[in-house]
Amino acid sequence: MVAIIDYGAGNLSSVKKALDYLGAESEITQDRDKIMSASHIILPGVGSFGDAMHSMEERGLADTVKEVALSGKPFLGICLGLQLLFESSEESKGVKGLGLFKGEIAEIPRDNGLKVPHMGWNSIKLNQKNGIFDGIEEDSYFYFVHSFYLKNADADVVAATTEYGVAIECAVQKGNLCATQFHPEKSSKVGLKVLENFLRMGE
């Protein structure tokens with residue numbers, strides 16, 4: 001069973017619909033026991049870094065998310081769910097993230113003539129071609145919606161990058177832990193392939 005973590009914000013229904021399409025049993029939940037007993041865990045996210053962390057703390061979910069992410073089970077962060085895995089964000093100064101990875105979450109520059117938020121399809125360059133990117137072709141297009149981005153993460157965890165005025169580290173992967181800035185559930189067949197790869201992890 002896939003636990004889709006519900007902390008009061010996030011693109012939950014579209015993630016569940018994509019998993020339903022792939023034939024995976026899933027549940028949207030904030031119940032600690034269900035999260036800890038799930039075979040796979042997804043942390044979705046839309047909205048602000050600070051609001052999301054506050055909501056998780058308020059529900060007692062922050063420690064649960066960290067614990068299950070470090071448990072060895074396949075874990076996928078999506079969009080804000082990627083950013084929350086890091087220590088902090090320019091978006092919400094003074095707010096601590098989950099701190100599972102090191103890197104900077106910075107605002108996309110607004111002086112390069114490109115619209116912010118970055119919304120639409122972008123091609124990605126692959127640093128890793130295993131795990132969630134097994135069988136994904138170089139320069140595949142994925143759907144993005146975000147105003148903040150990851151930079152300066154440890155090179156060994158950066159699985160993919162894209163360009164939008166600046167170089168964006170748009171996916172990370174280390175062992176069971178993976179996350180994407182793009183929305184695989186909104187990225188057509190190639191996005192479904194990423195989710196399918198995630199579901200195969202741990203088999």
Side-chain angles (χ1 to χ4, degrees), residues 1-47 49 51-87 89 96-103 105 128 130-134 136 142 146 150 153 157 159-160 170-187 191-203:
M1 197 273 285
V2 183
I4 304 167
I5 297 174
D6 177 13
Y7 54 88
N11 206 29
L12 306 178
S13 60
S14 60
V15 173
K16 187 168 192 330
K17 283 178 183 175
L19 294 175
D20 289 348
Y21 179 84
L22 292 171
E25 181 186 354
S26 65
E27 183 173 350
I28 297 169
T29 183
Q30 53 183 261
D31 182 270
R32 172 182 164 79
D33 291 340
K34 289 181 178 179
I35 293 169
M36 295 305 299
S37 64
S39 63
H40 295 67
I41 300 91
I42 295 178
L43 179 67
V46 294
F49 187 96
D51 287 348
M53 283 307 306
H54 176 72
S55 183
M56 277 199 283
E57 295 283 3
E58 203 172 49
R59 290 168 166 78
L61 281 171
D63 287 342
T64 298
V65 172
K66 286 174 74 171
E67 186 178 345
V68 77
L70 294 170
S71 70
K73 293 182 179 183
F75 183 103
L76 174 65
I78 296 175
C79 196
L80 181 60
L82 173 145
Q83 297 175 18
L84 295 170
L85 300 182
F86 289 80
E87 297 169 307
S89 171
K96 289 184 179 179
L98 296 170
L100 297 170
F101 290 119
K102 290 184 178 180
I105 305 298
Q128 299 180 21
N130 60 345
I132 59 172
F133 291 115
D134 183 34
I136 300 296
F142 291 87
H146 64 121
L150 171 64
V157 307
C170 64
V172 292
Q173 186 167 248
K174 186 174 183 179
N176 66 298
L177 265 176
C178 47
T180 63
Q181 183 61 65
F182 57 79
H183 287 271
E185 78 283 4
K186 294 182 177 181
S187 297
L192 290 173
K193 174 65 174 170
V194 166
L195 290 175
E196 193 173 31
N197 286 339
F198 171 68
L199 294 172
R200 286 184 178 147
M201 290 172 66
E203 287 184 350

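Scanning both residues, Phe182 and Ile78, for their nearest heavy atoms gives O-CG2, 3.8 Å. When all heavy atoms of Ile35 and Ala3 are compared, the closest pair comes out as CA-CB, 4.1 Å. Here the shortest heavy-atom pairing between Ala160 and Phe133 reads CB-CZ, 4.0 Å. Ser39 approaches Pro74 most closely through the heavy-atom pair O-CD, 3.4 Å. Shown here for Met201 and Cys178, the closest heavy-atom pair between the two residues is SD-SG, 4.2 Å.
How far CD1 of Ile136 is from CD of Gln128: 13.5 Å, rounded to the nearest 0.5 Å. For the atom pair CD1 (Ile41) and OG (Ser71), the distance works out to 5.5 Å, reported to the nearest 0.5 Å. Here the CZ-CG distance, from Phe86 to Leu98, works out to 11.0 Å after rounding to the nearest 0.5 Å. A distance of 11.5 Å separates OG1 in Thr64 from NZ in Lys66, rounded to the nearest 0.5 Å. Once rounded to the nearest 0.5 Å, the distance linking CD of Glu57 with NZ of Lys96 reads 10.0 Å. From Leu12, atom CG reaches atom CD1 of Ile5 across 10.5 Å, with rounding to the nearest 0.5 Å.
Inter-residue side-chain proximity for Phe142 and Gln181 is flagged as unmet; no heavy-atom pair is nearer than 4.5 Å. You'll find the side chain of Gln83 stays beyond 4.5 Å of the side chain of Leu150, heavy atoms only. With a 4.5 Å cut-off on side-chain heavy atoms, Glu27 and Ile4 do not count as touching. Under the 4.5 Å side-chain criterion, counting only non-hydrogen atoms from C-beta, Ser26 is in contact with Asp20. Two residues are said to be in side-chain contact when any heavy atoms from C-beta on lie closer than 4.5 Å; Leu76 and Ile42 meet this criterion. Using a 4.5 Å cut-off on side-chain heavy atoms (C-beta onward), Ile28 and Lys16 make contact. A heavy-atom distance below 4.5 Å is found between the side chains of Glu196 and Lys193.
Panel note: side chain Asn176, backbone Lys73; a donor-acceptor pair is recorded below 3.5 Å. Counting only distance, with no hydrogens or angles, the side chain of Ser55 and the backbone of Asp51 share no donor-acceptor pair below 3.5 Å. The backbone N or O of Pro44 sits less than 3.5 Å from a side-chain atom of Tyr7, completing a donor-acceptor pair. One N or O on the side chain of Asn197 and one on the backbone of Ile132 form a donor-acceptor pair closer than 3.5 Å. For Gln173 (side chain) and Asn130 (main-chain N/O), a donor-acceptor pair under 3.5 Å exists by modelled atom type.
A salt bridge is absent between Glu185 and Lys17; no separation between the charged side-chain nitrogens and carboxylate oxygens falls under 4.0 Å. Note on Glu67 versus Arg32: salt bridge recorded, some NZ/NE/NH1/NH2 to OD/OE distance being below 4.0 Å.
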Query raised in the report: side chain to side chain contact (heavy atoms under 4.5 Å, CB included) between Glu25 and Val2: does it pass, once the steps are laid out?
Result: CA-CA 6 Å; Glu25 181 186 354; Val2 183; over 6 Å; no
Requested in this report: Report the C-alpha distance between Asp6 and Thr29 in whole Å, list the side-chain angles of each, state the deciding distance to 0.1 Å, and finish with yes or no for side chain to side chain contact (heavy atoms under 4.5 Å, CB included).
Outcome: CA-CA 5 Å; Asp6 177 13; Thr29 183; 5.9 Å; no
Query - CA sep, side-chain torsions, deciding dist, call: Cys170, Thr180, side chain to side chain contact (heavy atoms under 4.5 Å, CB included) - result: CA-CA 6 Å; Cys170 64; Thr180 63; over 6 Å; no
Requested in this report: Starting from the C-alpha separation in whole Å, work towards a yes-or-no answer on side chain to side chain contact (heavy atoms under 4.5 Å, CB included) for Val46 and Leu80.
Outcome: CA-CA 6 Å; Val46 294; Leu80 181 60; 5.9 Å; no
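Taking the six-membered ring for Trp and the full ring otherwise, His40 and Phe198 have centroids separated by under 6.0 Å.
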